[in-house]
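Reading through the structure tokens given below for one structure.
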Amino acid sequence: DIASHVLGYMGRINQADQARLEEEGVDANYRGTDFIGKAGVEASYQHELHGTTGFEQVEIDAAGRGIRTLSRTPSQPGNNVALTLDIKLQQVAEQALGDRRGAVVALEPSSGAVLAFVSKPNFDPNYFVDGIDPQYWAELNNSPDRPLYNRAIAGTYPPGSTFKPFMALAGLELRKRSPSYTIADPGYFSLGGGHRWRDWKAGGHGMVDLHKSVVVSCDTYYYGLANELGIDSIHRFLTKFGFGARTGIDIEGELQGLAPSQEWKWQRFKQKWYAGDTVSVGIGQGYLLATPMQLAAA
């Protein structure tokens with residue numbers, strides 16, 4: 001079951017598969033073929049892996065017996081697909097997650113190559129090949145852990161404090177902060193003396209500059225920074241890092257997450273954007289959503 005969400009699984013060709021093959025104009029190449037890739041790399045590289053079906057034209061007699069071969073087109077084996085996954089790193093990541101639900105994505109920054117891609121819990125792809133056992137299918141679908149759910153590309157979550165370095169960079173780039181700019185953190189942030197957004201540390205972190213704000217993960221620092229930047233400036237900055245957009249990884253099922261803006265909230269809820277909404281986004285909460293794949297790419 002290692003890397004099962006990457007590799008995907010094979011299964012018998014059904015009516016939906018047949019219709020798709022006909023739409024793509026490649027159904028002739030699947031005559032006599034029982035199995036097809038259903039998910040993961042098995043699906044996205046199906047045509048490269050499949051090869052070319054062979055044909056033989058035979059003359060037969062009235063009883064249906066072959067008399068002679070008129071023509072023969074030999075079959076061609078499919079191509080091999082080499083992945084960028086580092087199998088040892090993949091195993092380490094899967095072992096680290098253990099029985100917990102979650103995802104791990106590790107990229108090589110210079111090339112974007114995916115070195116580890118884990119979604120837990122995973123599943124055994126061998127059960128799907130000859131038609132899945134109803135009992136195992138029920139276990140997969142009824143489990144609260146949702147093992148078929150690819151959390152690495154389809155799980156959208158508030159990124160939380162992993163988002164703060166992007167906010168720090170936005171503050172520098174948009175000239176709202178300098179490395180030496182310092183705030184006194186009382187342990188909360190308030191707008192006009194009204195509602196208070198509390199820091200994770202009661203009593204606050206004292207005097208906090210940019211470097212310390214990242215080191216101690218100071219919520220108060222980023223509440224204030226987000227309020228000064230405004231959501232639309234944050235939105236424009238985030239999109240440069242791919243937040244709110246698919247990365248384009250070559251596995252089906254990727255979601256785009258959400259980099260919110262005033263316009264988005266109005267279109268989605270017919271409600272105006274409030275300053276308090278921006279404050280929450282500052283620490284990677286609120287309406288902000290990202291997939292583990294997106295966050296790794298960013």
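For the numbers below, each heavy atom of this structure counts, side chains included, while hydrogens, waters and symmetry mates do not.
Within a 6.0 Å radius of NZ in Lys270, other residues, nucleotides and ligands contribute more than 12 heavy atoms. Counting non-hydrogen atoms of neighbouring residues, nucleotides and ligands closer than 6.0 angstrom, the CZ atom of Arg20 exceeds 12 such neighbours. Heavy atoms from other residues, nucleotides or ligands lying under 6.0 Å from CD of Glu59 number more than 12. Residue Gln271 places its CD atom among more than 12 non-hydrogen atoms of other residues, nucleotides or ligands, all under 6.0 Å distant. Within a 6.0 Å sphere centred on CG of Asp61, other residues, nucleotides and ligands contribute more than 12 heavy atoms. Under a cut-off of 6.0 angstrom, the local environment of CD in Gln15 is sparse, with at most 12 non-hydrogen atoms contributed by other residues, nucleotides or ligands. Within a 6.0 Å sphere centred on CG of Asn141, other residues, nucleotides and ligands contribute more than 12 heavy atoms. The neighbour count for Glu56 CD, taken as heavy atoms of other residues, nucleotides or ligands under 6.0 Å away, is above 12.
Tyr45 and Asp250 share a side-chain donor-acceptor pair at under 3.5 Å. Judged by distance alone, the side chains of Ser213 and Lys164 never bring a donor and an acceptor atom under 3.5 Å apart. A donor-acceptor pair shorter than 3.5 Å can be found between the side chains of His47 and Glu24. For the residue pair Asp232 / Gln262, a side-chain donor-acceptor distance below 3.5 Å is found, with atom types taken as modelled. Counting only N and O atoms by type, the side chains of Thr52 and Gln76 include no donor and acceptor under 3.5 Å apart.
Between Leu238 and Ala259 the shortest heavy-atom distance is CD1-CB, 4.3 Å. The heavy-atom pair separating Leu229 from Ala170 by the smallest distance is CD1-CB, 4.1 Å. Nearest heavy atoms, Ala93 versus Val118: CB-CG2, 3.7 Å. Annotation for Arg151 and Pro292: closest pair O-CD, 3.3 Å, computed over non-hydrogen atoms. Here the closest non-hydrogen pair linking Leu225 and Gly171 is CD1-CA, 4.0 Å. A pairwise comparison of heavy atoms in Pro121 and Arg101 identifies CD-CG, 3.9 Å as the closest pair.
Using modelled atom types, no side-chain atom of Trp264 and backbone atom of Leu258 make a donor-acceptor pair closer than 3.5 Å. A donor-acceptor pair is defined here as one N or O able to donate and one able to accept, closer than 3.5 Å; no such pair exists between the side chain of Tyr149 and the backbone of Ser119. When atom types are taken as modelled, the side chain of Glu254 and the backbone of Thr247 share a donor-acceptor pair closer than 3.5 angstrom. Under the 3.5 Å distance criterion, the side-chain polar atoms of Gln90 are matched with a main-chain donor or acceptor of Phe117. Not a single donor-acceptor pair under 3.5 Å links the side chain of Asp1 to the backbone N or O of Asn122. At distances below 3.5 Å, not a single donor-acceptor pair connects side-chain atoms of Ser143 with backbone N or O atoms of Leu140. Between the side chain of Ser233 and the backbone N or O of Gly230, no donor-acceptor pair lies under 3.5 Å. Side-chain atoms of Glu108 never come within 3.5 Å of backbone atoms of Ala113 as a donor-acceptor pair (strictly under, hydrogens ignored). Judged purely by atom type and a 3.5 angstrom limit, Ser190 has no side-chain atom pairing as donor or acceptor with the backbone of Arg196. Side-chain N or O atoms of Asn150 include none that pairs as donor or acceptor with a backbone N or O of Ala154 at under 3.5 Å.
Atoms CE and CG, from Met10 and Asp34 in turn, are 10.0 Å apart once rounded to the nearest 0.5 Å. Residue Ile249 holds its CD1 atom at 9.0 Å from OG of Ser44, rounded to the nearest 0.5 Å. Within the model, atoms CG of Leu255 and CE of Met293 stand 13.5 Å from one another, a figure rounded to the nearest 0.5 Å. The CD1 atom of Ile283 sits 6.5 Å away from atom OG of Ser161, with the distance rounded to the nearest 0.5 Å. Going from atom OH of Tyr274 over to atom CG of Asp277 covers 8.5 Å, rounded to the nearest 0.5 Å. Here OG1 of Thr182 is found 5.5 Å from CE of Met207. Values are rounded to the nearest 0.5 Å.
Hydrophobic clustering (ILVMFWY, side-chain heavy atoms < 4.5 Å, transitive): Leu49 and Ile36 are in distinct clusters. Ile153 and Phe241 fall into different hydrophobic clusters, where Ile, Leu, Val, Met, Phe, Trp and Tyr side chains are chained together by heavy-atom contacts under 4.5 Å. Cluster membership for Leu295 and Val214, using ILVMFWY side-chain heavy atoms within less than 4.5 angstrom, is shared. Linking Ile, Leu, Val, Met, Phe, Trp and Tyr residues whenever their side-chain heavy atoms come within less than 4.5 Å leaves Leu115 and Leu7 in two separate clusters. Side-chain heavy atoms closer than 4.5 Å link hydrophobic residues (I, L, V, M, F, W, Y) into clusters, and following such links, even through other members, never connects Tyr188 to Leu191.
Between Trp197 and His195, the ring planes are perpendicular. Angles over 60° get that label, and only those under 30° would be called parallel. Ring orientation note: the planes of Tyr30 and His50 are close to parallel, at an angle under 30° on the 30°/60° scale.
Remark: aromatic rings of Phe243 and Phe166 are close, center separation under 6.0 Å.
Cation-pi check for Arg268 over Tyr287 is not met; the charged atom does not lie both under 6.0 angstrom from the ring centroid and within 45 degrees of its normal.
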Report task. Applying side-chain contact (heavy atoms from CB on, under 4.5 Å), run through Phe237 and Glu173 and close with a yes or a no. Result -> CA-CA 9 Å; Phe237 192 79; Glu173 185 74 16; 3.7 Å; yes
Requested in this report: Evaluate side-chain contact (heavy atoms from CB on, under 4.5 Å) for His5 paired with Ile251, printing each intermediate quantity in order.
Outcome: CA-CA 9 Å; His5 288 91; Ile251 301 176; over 6 Å; no
Query raised in the report: Is there a side-chain hydrogen bond (donor to acceptor under 3.5 Å, both in side chains) between Asp199 and Thr220 once you walk through the steps?
Result: CA-CA 6 Å; Asp199 194 283; Thr220 306; 3.2 Å; yes
Report task. Using the side-chain contact (heavy atoms from CB on, under 4.5 Å) rule, take Tyr221 and Lys212 through it: C-alpha gap first, then chi angles, then the decisive distance, then the call. Result -> CA-CA 10 Å; Tyr221 187 95; Lys212 185 177 178 181; over 6 Å; no
Report task. Could you walk me through whether Val208 and Ile183 pass the side-chain contact (heavy atoms from CB on, under 4.5 Å) test, one step at a time? Result -> CA-CA 5 Å; Val208 181; Ile183 68 162; 4.1 Å; yes
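Considering only heavy atoms from C-beta on, Ile87 comes within 4.5 Å of Ile2 through its side chain. At a threshold of 4.5 Å between non-hydrogen side-chain atoms, the residues Thr278 and Asn227 do not count as touching. At a threshold of 4.5 Å between non-hydrogen side-chain atoms, the residues Lys176 and Tyr181 do not count as touching. Under the 4.5 Å side-chain criterion, counting only non-hydrogen atoms from C-beta, Pro125 is in contact with Phe123. Contact annotation: the side chain of Leu288 approaches that of Pro260 to within less than 4.5 Å [non-hydrogen atoms, C-beta and beyond].
Under a 4.0 Å N-O distance rule, the pair Asp145/Lys120 does not qualify as a salt bridge. Ionic pairing of Arg12 and Asp17 is not present here: no N-O contact between side-chain nitrogen and carboxylate oxygen is shorter than 4.0 angstrom.
With Tyr127 as reference, Tyr136 is the one residue of Tyr9, Tyr136, Trp137 to meet the ring pair (Phe, Tyr, Trp, His ring centres under 6.0 Å) rule.
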